[in-house]
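Please read the structure below before turning to the comments.
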Amino acid sequence: MNTASTAPVTAVILVAAGSGQRLGYGMPKAKVPLGGDSILTHALRGVAAAGIAGQICVAIPPGDPELRAQCEAFAAELQAEHTRTAAQGEDGLLPAVTTVDGGASRADSVRAALSALAPGTQFVLVHDAARALTPESVFHRVAAALTAGAVAVIPVIHVVDTIKTVDPTFGDDADIAPEIVTGTAPREMLRAVQTPQGFDLATLRGAHEAAVGFDGAQAAAVTDDAMLVELLGFPVHAVRGASQSLKITTPLDLILAEGLLEGPLGVRWVEG
Ligand code: C5P
């Protein structure tokens, strides 16, 4: 994608510092092989292909030499491609690929990356490396909403299951079943939230600074960046996500991701 020089300076934070315990591979999730490359490399390719980032800042497990090397190798790949296309007269954006040591929680990893963004950055997209197959169109929809004036924007998909709330701690009927239903959420108003989540940088920095004083329970209750911005009272807009943007979390997700990459239709053909 050719990006005009007047475009806002956008950074993408790629959080890849998780342990990947639920995937059960005995290694950080970002290193787990997917279709012959690591999950991190697929995620980096997706971010770069979107053509919106001036900087890709990757939060990796502290001091991990292998993931740092993968980022450096990817940066060299981008540089070589940029040199090749420049020789053909194309004027594409060459993102700087940088790494930071992630923290104990996802929010800590985001905070570490926020403090390492280049001066002049106006917008930031925070993306889970675990959503390695997110299509370019989702990045574009998020970036377009920011350009149109949103301070916060998230990609969402409709929920197909009926969602109920339960009380997992009820006492009297515990010999009948482990939980009891307390309500049914109206499905037409529910959305499943994905990444990349896009923000005006100053707004997201303010939201994360406000969260530094949270106690353990409050911090644990925050499961995405948009929630922090909501808590400050800012509007959060929603754009269409994509079903292939699944968060690779369990062994089944990895099988699905492999299938999407190798299946007869290919991942780029699955929309919505
Ligand atoms: O653990 P979960 O699946 O919610 O992680 C979502 C994303 O956040 C993953 O890409 C993971 O690598 C990242 N993460 C992180 N630092 C942590 C925990 C998770 O960068 N301490």
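As the structure lists them, so they are numbered: ligands from 1, and atoms in each ligand from 1.
- Within the 3.5 Å criterion, the main-chain N or O of Lys247 finds a donor-acceptor partner in the side chain of Thr249.
- Side-chain contact check for Gln70 and Ser38: at least one donor-acceptor pair (N or O, by modelled atom type) lies under 3.5 Å.
- Proximity of Ile52 to His140: side-chain heavy atoms (C-beta onward) are separated by under 4.5 Å at one or more points.
- Those atoms of ligand 1 with a heavy atom of Ala130 less than 4.0 angstrom away are 10 (O).
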Check the pair Asp101, Arg68 against salt bridge (charged side-chain N to carboxylate O under 4.0 Å, His left out), reporting the backbone distance first and the verdict last.
-> CA-CA 10 Å; Asp101 284 344; Arg68 182 156 306 174; 3.2 Å; yes
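- Near Ser105, meaning under 4.0 Å from one of its heavy atoms, ligand 1 places the atoms 16 (N), 17 (C), 21 (N).
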I'd like a table of donor-acceptor pairs (distance under 3.5 Å, sequence neighbours excluded) in which one partner is a side-chain atom from residues 21-33, with atom names and distances.
{"residue": "Lys29", "atom": "NZ", "partner": "Ile248", "partner atom": "O", "Å": "2.8"}
{"residue": "Lys31", "atom": "NZ", "partner": "Asp64", "partner atom": "OD1", "Å": "3.4"}
{"residue": "Lys31", "atom": "NZ", "partner": "Asp64", "partner atom": "OD2", "Å": "2.9"}

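- Side-chain contact of Thr134 with Gln194: a donor-acceptor pair under 3.5 Å is absent, judged by distance alone.
- Gln197 and Asp224 share a side-chain donor-acceptor pair at under 3.5 Å.
- Ligand 1 lies less than 4.0 angstrom from a heavy atom belonging to Gly103.
- Each of the atoms 2 (P), 3 (O), 4 (O) of ligand 1 lies under 4.0 Å from some heavy atom of Lys247.
- Taking atom 20 (O) of ligand 1 as the reference point, the nearest protein heavy-atom neighbour is Ala17 N, 2.9 Å.
- The protein non-hydrogen atom at the shortest distance from atom 7 (C) of ligand 1 is Asp128 OD1, 3.3 Å.
- At the top of the distance list for atom 9 (C) of ligand 1, counting protein heavy atoms only, stands Val15 O, 3.7 Å.
- Residue Ser109 holds the heavy atom nearest to atom 16 (N) of ligand 1 of all those in Ser109, Ala132, Ala112.
- Of all atoms in ligand 1, numbered sequentially from 1 with element shown, those under 4.0 Å from a heavy atom of Lys29 are 3 (O).
- By the 4.5 Å heavy-atom criterion applied to side chains, Pro196 and Val12 are not counted as neighbours.
- The distance from ligand 1 to the heavy atoms of Ala104 drops below 4.0 Å at these ligand atoms: 21 (N).
- Residue contacts with ligand 1 include Arg22, since one of its heavy atoms falls under 4.0 Å from the ligand.
- Taking any N or O of Gly18, backbone or side chain, at least one lies under 3.5 Å from an N or O belonging to ligand 1.
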